[in-house]
Structures are given as structure tokens and as C-alpha cells.
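The next block holds one structure in the form of C-alpha cells; read it before the comments.
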Amino acid sequence: MDNTPFVARRRRLLERMGAGVAVIPTAPEHIRNRDTHYPYRADSYFHYLTGFPEPEAVLVLVAGDAPRSILFCRERDAEKEIWDGYRHGPEGAREVFGFDATHPVKDLDVRLAELLADQPALWFSLGHDAAWDARIAATLNAVRAQSRSGKRAPAKIHDVRATLDEMRLVKDGHEVALLRRAAAIAAGAHRRAMGAAAPGRHEYELEAELLHEFRRHGCQYPAYPSIVAAGANACVLHYVDNAKRIADGELILIDAGGELDGYASDITRTFPANGRYTGPQADIYDLVLDAQSAAIAAIRPGATFMSPHEAAVKVLAQGMIDLRLLEGSVDGIIESEAYKRFYMHRTGHWMGIDVHDAGEYKAGEEWRELVPGMVLTVEPGCYVRPSDDVPEAFWNIGVRIEDDALVTAAGCEILTIDAPKKIADIETLMREAKRD
Ligand code: GLY
Ligand code: MN
Ligand code: MN
């Protein structure tokens with residue numbers, strides 16, 4: 001394990017803190033049913049700073065003249081390791097993960113009270129876990145109880161996640177490499193699902209193709225529950241049943257990405273079950289693709305987070321008029337937000353360790369300016385539910401096209417470029433997959 005990116009991030013956080021003590025616990029384990037647990041995943045902030053994969057661990061950072069990073073973790077345990085696997089233990093963790101000190105997690109409360117005494121500030125994110133809030137309050141009270149011995153508790157509490165959110169918004173080289181790889185794997189998974197699609201198969205069979213491809217290339221999990229939505233299901237934005245038999249003539253919308261070593265990918269492609277788009281399907285599809293091209297062209301340093309959305313909405317509004325989904329002028333449709341009937345979500349979100357990643361979208365009152373190293377999705381769509389006032393040919397067509405973009409000095413790099421999205425490219429891939 002190369003711990004240098006994690007050590008560097010801890011150092012940067014310590015510099016930003018300036019003074020005080022930060023407490024960053026990892027995620028708890030969660031029971032799924034009876035004695036079976038959900039697969040364990042570390043807390044995203046904790047992962048960003050440590051790379052340490054075990055539960056029951058807490059990072060404590062002491063800023064100031066002699067900055068230190070300290071890990072509290074489980075001790076080694078021969079019996080438990082037979083059942084549940086290897087534990088680094090405090091000594092192993094110090095060396096492998098590059099901490100200045102490590103201690104058994106059972107000693108946390110006592111040691112933390114000592115570390116907090118006479119410090120000006122506590123850096124902790126309140127409100128995410130009631131048990132941790134109570135534990136931290138109790139530790140602060142333990143320090144306050146020593147006031148007659150001359151010990152002072154921190155007078156200030158800062159939200160450490162707010163500082164970390166800013167750091168996580170601009171990815172470092174280690175993160176970009178993982179995001180690139182996660183994106184390439186996810187693109188391969190979409191190609192595989194397109195190749196396997198056919199009328200008569202079930203949505204879950206295509207989901208299985210995605211999972212197969214994620215896992216065989218090392219992704220530990222899907223980055224979020226995969227959406228495989230055929231026909232009218234494509235108009236349900238968070239459809240995850242994936243249970244329907246796919247019919248001839250339907251479009252299939254797949255929104256799926258893998259998570260690799262803690263980093264997400266997030267791709268949507270929409271393609272015909274039988275390998276050929278119908279005329280009306282192609283009309284909506286090409287409109288969404290044009291909107292996406294406009295959005296991608298709007299991503300560059302100095303543009304704002306909303307620039308791609310505004311570019312996409314302009315194209316979609318014109319297209320909705322041309323296809324007789326809406327009446328009126330582009331400006332009028334944008335002003336009245338009438339387009340939201342067919343395009344009701346935003347064109348993107350930050351992406352990184354979390355698929356909807358950390359980071360504020362506004363700086364003060366203004367939408368945030370893009371800077372190199374930010375990663376965001378570009379995902380316009382158009383979803384037409386049956387209604388007497390829209391042409392029947394478009395009923396139940398739902399299209400979304402989603403890519404992941406890294407902001408660069410020159411504009412952006414599309415990390416998910418290997419998933420085909422031009423109609424001709426998709427139809428060729430599907431035709432060739434059937435011949436094999
Ligand atoms: N798959 C979640 C999203 O596209 O935001
Ligand atoms: Mn998505
Ligand atoms: Mn997305």
C-alpha cells in the first residue's frame with residue numbers, strides 16, 4: 001500500500017486547521033438481518049484521509065506547532081482473525097498507513113480527553129451520528145470537569161467536514177487515476193450489457209452483465225444500485241427493480257457505475273433492445289445527445305457549475321418545440337420552466353469517493369466556478385409520459401446520456417469516453433455482438 005497520498009492529505013488538513021484537534025470516525029457496521037451484515041464500507045472522509053479499511057477506527061489529528069496524526073483501531077485478536085480475517089492492529093497500522101502514533105480503540109475516550117485539554121478548538125462534524133455526538137459531548141464534559149485542576153476544554157467547535165469538502169472537490173493525481181480506471185471499467189460494463197441485450201431477456205440479466213464486468217476488473221461494489229430500465233421504466237428516474245422482461249421495440253436505459261478502491265463512476269446509456277432505434281426514439285435520443293454535447297462544450301475553468309445545465313436546457317427546450325412536445329419560445333419555456341415536465345433533474349453533480357460527491361455547489365450567492373481537478377457528471381435526459389397533449393409516438397420514451405468529466409486547463413476530459421453513445425456506434429456494437 002502506497003500511503004503517500006493519504007499522508008499528504010492529512011498534512012494538508014492539518015495546515016488548514018492551524019490549531020485544535022480533529023476527530024474523524026469511520027463508518028459503523030450495519031446489520032442487514034439477524035446476524036448478517038451489509039458489506040462493510042469505510043466512511044468516505046475517513047477513507048480519504050487514511051485508506052484504512054477496518055471498522056471501529058477513529059482518526060485524530062492534532063494541529064499546531066507539532067502536528068500529529070493518530071489512529072485508534074482494533075487490536076489484533078487471534079481468535080477473531082480466524083473467523084473474520086486479518087486485523088492490522090495499532091502497530092501494523094502505524095507502519096503501513098504512515099501514522100505518527102496509533103492506539104487501541106478501546107482507549108479512545110480517555111486519550112481523547114487528554115488530547116483535547118487546553119486546545120483552542122475541536123474539529124468534528126456534529127449531527128451525522130447521534131451516538132458519536134453523545135460520545136464527543138461526554139468527552140468534552142470530561143475535560144470541563146477538570147477545570148478546577150486548571151484544564152480548559154476547547155472553546156470552539158468547527159465542522160471538519162466543511163473543510164474536507166473543499167479539499168475533496170479538487171481531485172489529486174491519485175484520485176484522478178482511480179476515477180479514470182473506475183470510469184474505464186464502467187464503460188466496459190455498458191458495452192457488455194449492450195452486447196448482451198435482446199428482446200425476451202430480463203432487466204436483471206443485463207444487471208448481472210454489469211456486475212460481472214465491475215467485479216472481474218476489481219471494482220469492489222457498484223457505486224450505487226444499478227438502474228436497468230426497459231420501456232416505460234426508463235421514465236422512472238430511480239427505478240431499481242430491474243425485474244421486467246424486455247420487449248421488442250423498447251429502449252433500455254442503463255445507469256450504472258462501479259466503485260474502485262473507494263472511487264465512483266456514473267454512466268448512463270440508452271439503447272434499443274433489438275439493436276435499431278425507431279424514428280421517434282432516434283429523435284429524442286439525438287436531442288439528448290445534442291444537449292449533452294452542448295453541456296460538455298460548456299465545461300471549462302471559469303465557467304460555473306450551472307453553465308453545462310444552462311447549455312443543455314437551451315438545446316432541450318428548442319428540441320421540445322421542434323418535436324411538438326411543447327409550444328412557445330425557447331426563452332419562454334426556460335423562463336416558465338415548462339421543460340421540467342420532460343427534463344426534471346439537473347445536468348450534473350460532483351463525483352468522486354461518493355457518486356454524489358462532497359463539495360458546495362455555490363460560493364456565497366453565486367454558482368461555483370469550475371477549476372481543473374474537479375470531476376462532475378454531464379447527464380441530460382428527456383422523459384415522455386403518456387398524455388393526450390403530446391404526440392403518441394413519443395409516449396413512454398425515456399432517454400438519459402451520462403458521462404463523467406474531469407475539468408482540465410483546456411476544458412474537460414471525458415473519463416467515460418469508451419462507452420459508445422452515437423446512434424451509429426451503438427447499433428454497430430450491438431450488430432457485431434450478435435454475430436460473435
Ligand atoms: N446514478 C445516479 C446519478 O446519476 O446521479
Ligand atoms: Mn447515473
Ligand atoms: Mn449521475
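Each ligand, and each atom within it, is numbered from 1 in the order the structure gives.
- In plain terms, the two heavy atoms of F6 and H174 that are nearest each other are CZ-CE1, 3.9 Å.
- Under the side chain to side chain contact (heavy atoms under 4.5 Å, CB included) rule, D100 has a single partner from R94, R68, R10, which is R68.
- Taking 4.0 Å as the cut-off between side-chain N and carboxylate O, D404 and R180 do not count as a salt-bridged pair.
- Scanning both residues, Y339 and I333, for their nearest heavy atoms gives CD2-O, 3.5 Å.
- Those atoms of ligand 1 with a heavy atom of H349 less than 4.0 angstrom away are 3 (C), 4 (O), 5 (O).
- Listed by atom number, the atoms of ligand 1 under 4.0 Å from Y224 heavy atoms are 1 (N).
- Residue side and main chain included, H356 places no N/O/S atom under 2.8 Å of the Mn ion (ligand 3).
- Neighbours of the Mn ion (ligand 2) restricted to protein N, O or S atoms under 2.8 Å: the count is 4.
- Protein heavy atom at the shortest distance from atom 5 (O) of ligand 1 is H356 NE2, 2.7 Å.
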For ring pair (Phe, Tyr, Trp, His ring centres under 6.0 Å), just list the numbers for H88 and Y86, CA-CA rounded to whole Å, side-chain angles, deciding distance to a tenth of an Å, and then say yes or no.
-> CA-CA 7 Å; H88 286 90; Y86 181 72; 5.2 Å; yes
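- Figure legend: cation-pi geometry between R9 and Y48, with NZ or CZ positioned under 6.0 Å from the six-membered ring centre and within 45° of its axis.
- Two rings, from F72 and H103, have their centers less than 6.0 Å apart.
- Annotation: the span from R168 atom CZ to L49 atom CG amounts to 9.0 Å, rounded to 0.5 Å.
- A salt bridge links R269 with D403: the distance from a Lys NZ or Arg NE/NH1/NH2 to an Asp or Glu carboxylate oxygen falls below 4.0 Å.
- Under a 4.0 Å criterion applied to the non-hydrogen atoms of E402, ligand 1 contributes the atoms 4 (O).
- Considering only non-hydrogen protein atoms, atom 3 (C) of ligand 1 sits nearest to D266 OD2, 3.3 Å.
- Distances from the Mn ion (ligand 3) to each N, O or S atom of H349 single out NE2 as the nearest.
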